[in-house]
Amino acid sequence: MILLIDAGNTRVKIAWQAPGSQWRGAAPLSLTHAELPGLAARLDFTPRRILASNVAGGAMRDALERICQTAWRLPIQWHDARDGHDQLLNSYRQPARLGADRWLGLLGLLRHLRGDPAWQAGAPCILASFGTATTLDTLAWQIQPDGTRRAAFIGGLILPGAALMARSLSQGTADLPLAQGDPVDFPTDTEAAIASGIAAAQIGALLRQRQRAARAYPGVPPLLFVSGGDWPRVQEELRTALEHTDPGPAAQPPRWLDSPVLDGLACLANQEDFKTGFRRPR
Ligand SMILES: Nc1ncnc2c1ncn2[C@@H]1O[C@H](COP(=O)(O)OP(=O)(O)O)[C@@H](O)[C@H]1O
Ligand SMILES: CC(C)(COP(=O)(O)O)[C@@H](O)C(=O)NCCC(=O)O
């Protein structure tokens, strides 16, 4: 088995795939950072290779390397925004500075877009990841000087994630609680006021990107893909918002991806010309 690890700032997502298979297996495990030392005990196989991405810092990288060495005597093949450029163009001013999870998530998304008629017809595509931070990244076709077209990451937003927004309000004020409520149209208590404000900020940002993508790539309405642990907190807000906007007859509902980052790693694991392993991340 090939073990795939996506270390985020709050949780570490883990999946596996049989060598040579196109898709990883069942829904990923999601562990807190504190649960990581118990990783090997949760798996009923010995991995042959380990691919990982990390945006949670050097201590996380060292911990993962130690855990994998101790359990299986295996090094980790680290991946980040320096990989996969044969599949996707990166418009970031400093491409390697793009978060590893954002880039690998887009590589993973590309696999889901293969053969999608709207994407093939020129629709831009937004990947909304509601994690510790929320990232809203857009893919679109770019015409090359030789007249061919290539899929490109054209840019994206970073904002505090829903849980982080809630924590910052409670930590940065004297009187606000750590709110748990559900979003409503006209909140009449503090919990609902906070929950609704956060959901509005998250989904407002997504609708902004959708509007900008539709304007930049007219013709076929943008496709929306959503992922991340805080999706349940904002899901209803997006449903309501989309009900009240007119995206045109061809618009499709948002599609959920349980872990595009792991899909991106699975895609790199499959590449026959894969030669980038054993590099340590920055
Ligand atoms: N099992 C869980 N229990 C409670 N909250 C969870 C759980 N899994 C995810 N979350 C929520 O999802 C967020 C983390 O999402 P995730 O996509 O894993 O982020 P990251 O990749 O930044 O670690 C947390 O802020 C938390 O609110
Ligand atoms: C934006 C992020 C913090 C998101 O991390 P996450 O919420 O998934 O843990 C991460 O992708 C990151 O550290 N990015 C580097 C900066 C950039 O992408 O421009």
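Counting starts at 1 for both ligands and their atoms, in listed order. Since the structure is predicted, the reported quantities are computational estimates derived from the model, not experimental observations.
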- Query: Taking it one step at a time, do Trp23 and His112 satisfy ring-ring contact (aromatic ring centres under 6.0 Å, His included)?
  - Reply: CA-CA 11 Å; Trp23 293 97; His112 293 275; 5.1 Å; yes
- Any nitrogen or oxygen of Arg11, main chain or side chain, under 3.5 Å from a nitrogen or oxygen of ligand 1? yes
- Query: In terms of atom number and element, which parts of ligand 1 are under 4.0 angstrom from non-hydrogen atoms of Ala163?
  - Reply: 25 (O), 27 (O)
- Task: May I ask you to say whether Asp137 pairs ionically with Arg102, meaning some side-chain N is under 4.0 Å from a carboxylate O?
- Result: yes
- Check each of Gly229, Ala100, Gly99, Gly8 against atom 14 (N) of ligand 2 and report the one with the nearest heavy atom. Gly99
- Quick one: does Ala133 get an N or O within less than 3.5 Å of an N or O on ligand 2? yes
- Any donor-acceptor N/O pair, Asp101 side chain to Leu104 backbone, under 3.5 Å: no
- Going by the 4.0 angstrom heavy-atom rule, the piece of Asn9 near ligand 2 is both
- Query: Which of the atoms in ligand 1, numbered in the order shown and given with their element, are less than 4.0 Å from a heavy-atom of Asn9?
  - Reply: 20 (P), 22 (O), 23 (O)
- Does the distance from a Lys or Arg side-chain N to an Asp or Glu carboxylate O, for Arg150 and Asp86, drop under 4.0 Å? no
- Have a look at Thr132 and tell me which of Asp230, Asn9, Thr10 forms a side chain to side chain donor-acceptor pair (under 3.5 Å) with it. Thr10
- Query: Quick one: which ligand 2 atoms are inside 4.0 Å of a heavy atom on Tyr92?
  - Reply: 17 (C), 18 (O), 19 (O)
- Message: Out of all atoms in ligand 1, which are within 4.0 Å of some heavy atom of Gly228? Include the element for each.
- Response: 17 (O)
- Query: Between the side chains of Trp78 and Glu65, does any donor sit under 3.5 Å from an acceptor?
  - Reply: yes
- What is the nearest protein non-hydrogen atom to atom 11 (C) of ligand 1, stated with its residue, atom name and distance? Asp230 OD1, 3.4 Å
- Query: Are Ile126 and Leu223 close enough that some pair of their side-chain heavy atoms sits under 4.5 Å apart?
  - Reply: no
- Take atom 2 (C) of ligand 1 and look for protein heavy atoms under 4.0 Å from it; say yes if you find one, no if not. yes
- Would you mind running through ligand 2 and noting each atom that sits below 4.0 Å from a heavy atom of Arg102? 11 (O), 17 (C), 18 (O), 19 (O)
- Lys13 neighbourhood, listing ligand 1 atoms whose heavy-atom distance to it stays under 4.0 Å: 16 (P), 18 (O), 19 (O), 20 (P), 21 (O), 23 (O)
- Task: Name the closest protein heavy atom to atom 24 (C) of ligand 1, giving the residue it belongs to and the distance to 0.1 Å.
- Result: Thr10 CG2, 3.9 Å
- Which of the ligand 1 atoms, numbered from 1, are nearer than 4.0 Å to a heavy atom of Thr132: 19 (O), 20 (P), 22 (O), 23 (O)
- Query: Should Leu29 and Phe45 be counted in the same cluster of Ile, Leu, Val, Met, Phe, Trp and Tyr side chains packed under 4.5 Å apart?
  - Reply: yes
- Message: Check for me, please, whether Ile76 and Val55 land in the same ILVMFWY cluster - side-chain distances under 4.5 Å, paths through other members count.
- Response: no
- Query: Are side-chain N/O atoms of Asp146 and Thr148 paired as donor and acceptor at under 3.5 Å?
  - Reply: yes
- Task: Could you see which bit of Asp101 sits under 4.0 Å from ligand 2, with heavy atoms only: side chain, backbone, both or neither?
- Result: side chain
- Message: Under 3.5 Å, is there a donor on one side chain and an acceptor on the other for Gln144 and Arg149?
- Response: no
- Task: Give me the ring orientation class for Tyr92 and Phe153: parallel if the planes are under 30° apart, tilted from 30 to 60°, perpendicular past 60°.
- Result: tilted
- Just need the protein heavy atom nearest to atom 13 (O) of ligand 2, so name the residue and atom and give the distance. Val55 CB, 4.2 Å
- Note on the structure: For atom 16 (C) of ligand 2, the closest protein heavy atom turns out to be Arg97 O, 3.6 Å
- Within the structure, does at least one protein heavy atom fall under 4.0 Å of atom 19 (O) of ligand 1? yes
- For ligand 2, is any non-hydrogen atom under 4.0 Å from Thr135's backbone (N, CA, C, O), its side chain (CB onward), both, or neither? side chain
